[in-house]
Amino acid sequence: MNTDFTRCVQKARAGDADAFAELYSAVYKDLYRIALINLKNNQHDASDVVSDTVLEAFSSIKNLRDEKAFKAWIIKILTVKIKNKQKEYINRDNNSRELDSLDSVEQKETKKEINYDGLEIMEEFAKLNEEERLVLSLSVVSGYKSEEIAKMLGTSASTVRSKVARAKIRLKQLLTEK
């Protein structure tokens, strides 16, 4: 889709919901893919995080200063939502270790289904830390350049390139150990 972000953002700022819908349709696949990968293939949580992101972006689009930066801006909102959800996972894990027998059976079955679907790499990808999954999903899966990722994450492009390189090495190690 070839969306004119500048024109659409200007209209969306003025309250045009159709213009915002056009912006959303241009980025929703990337948003969902990034969320899904970073939330360990949990489709429900990925959908929730994307929905929360879109609601926040819609309500705060008037704060977007640079129309051309829409995509980076909405992905930055998404990364915050993903990190919050990952914190919920950690808290949930710390508070409910007693339920692991039923959950582990269900998770093993889910992993088997994923593996049968040809997505074996996702199991190893999930073993990466949050930051590694995020930079790889933005770089490799979504195709963002290091400069774009740097804007989204508030860091330098060289730092992003280093993190991506280290994450690729770690993923390769995990895959060869398997």
Side-chain angles (χ1 to χ4, degrees), residues 27-57 69 71-178:
V27 298
Y28 81 95
K29 286 182 183 177
D30 282 344
L31 296 177
Y32 184 74
R33 189 178 313 118
I34 292 166
L36 188 63
I37 288 169
N38 285 283
L39 297 174
K40 299 182 180 181
N41 276 343
N42 185 320
Q43 296 174 352
H44 177 73
D45 286 348
S47 294
D48 286 349
V49 166
V50 170
S51 295
D52 291 346
T53 298
V54 171
L55 288 172
E56 184 172 325
K71 201 168 187 179
W73 174 75
I74 198 166
I75 289 176
K76 191 168 189 170
I77 295 170
L78 177 71
T79 59
V80 170
K81 301 289 182 188
I82 289 170
K83 287 178 182 178
N84 290 339
K85 183 57 77 174
Q86 289 168 333
K87 286 177 188 173
E88 284 180 29
Y89 289 169
I90 292 168
N91 291 337
R92 190 177 331 145
D93 288 346
N94 290 339
N95 293 332
S96 64
R97 296 209 185 265
E98 296 171 4
L99 300 174
D100 68 349
S101 64
L102 287 176
D103 288 344
S104 70
V105 170
E106 185 177 321
Q107 288 172 353
K108 286 178 185 173
E109 290 301 314
T110 302
K111 285 181 182 177
K112 284 180 186 173
E113 291 173 23
I114 290 170
N115 287 340
Y116 290 135
D117 289 336
L119 298 175
E120 297 89 4
I121 196 169
M122 294 307 293
E123 184 177 327
E124 300 306 316
F125 192 86
K127 292 178 183 176
L128 298 173
N129 68 39
E130 296 169 9
E131 184 176 66
E132 292 167 333
R133 283 193 311 269
L134 181 60
V135 295
L136 277 182
S137 64
L138 290 170
S139 173
V140 177
V141 178
S142 297
Y144 289 100
K145 295 179 177 147
S146 55
E147 292 79 13
E148 295 169 314
I149 298 169
K151 272 186 177 178
M152 292 175 212
L153 302 180
T155 188
S156 71
S158 61
T159 299
V160 169
R161 286 189 292 275
S162 296
K163 289 179 180 184
V164 168
R166 284 193 301 271
K168 284 179 180 178
I169 290 168
R170 177 127 190 281
L171 182 58
K172 186 175 182 179
Q173 289 171 340
L174 289 170
L175 290 168
T176 56
E177 290 172 3
K178 190 171 182 177

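Quick caveat, the model's predicted, so the values are computed rather than measured.
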Ala150 to Ser156 - nearest heavy-atom pair and separation = CB-C, 3.6 Å

task = Work out which heavy atom in Ala46 is nearest to a heavy atom in Tyr32; give both atom names and the distance.
result = CB-CE1, 3.8 Å

Heavy-atom side-chain proximity of [X] to [Y] below 4.5 angstrom:
X      : Y      : value
Met152 : Thr79  : no
Asn42  : Lys85  : no
Leu128 : Leu174 : yes
Leu78  : Asp30  : no
Asn38  : Glu130 : no

task = Using side-chain hydrogen bond (donor to acceptor under 3.5 Å, both in side chains) as the criterion, list what pairs up with Glu56, not counting sequence neighbours.
result = Lys81

Within this structure, what is the [atom1]-[atom2] distance for the pair [X] and [Y], rounded to the nearest 0.5 Å?
X     : Y      : atom1 : atom2 : result
Leu31 : Ile82  : CG    : CD1   : 8.5 Å
Arg33 : Leu138 : CZ    : CG    : 11.0 Å
His44 : Leu39  : NE2   : CG    : 11.0 Å

task = Would you check if the side chain of Ser139 reaches a backbone N or O of Leu136 as a donor-acceptor pair within less than 3.5 Å?
result = no

ask   = In terms of heavy-atom contacts, does NZ of Lys151 have more than 12 from other residues, nucleotides or ligands at under 6.0 Å?
value = no

message = Tell me whether the count of non-hydrogen atoms from other residues, nucleotides or ligands lying under 6.0 Å of CD in Glu147 goes above 12.
response = yes

query = Given Leu134 and Leu153, is the side-chain contact (heavy atoms from CB on, under 4.5 Å) satisfied, shown in steps?
reply = CA-CA 10 Å; Leu134 181 60; Leu153 302 180; 3.7 Å; yes

For residues 160-169, which side-chain N or O atoms pair as donor and acceptor with protein atoms under 3.5 Å away, sequence neighbours left out?
residue : atom : partner : partner atom : Å
Arg161  : NH1  : Ser146  : OG           : 2.9
Ser162  : OG   : Ser158  : O            : 3.1
Lys163  : NZ   : Glu131  : OE2          : 2.7

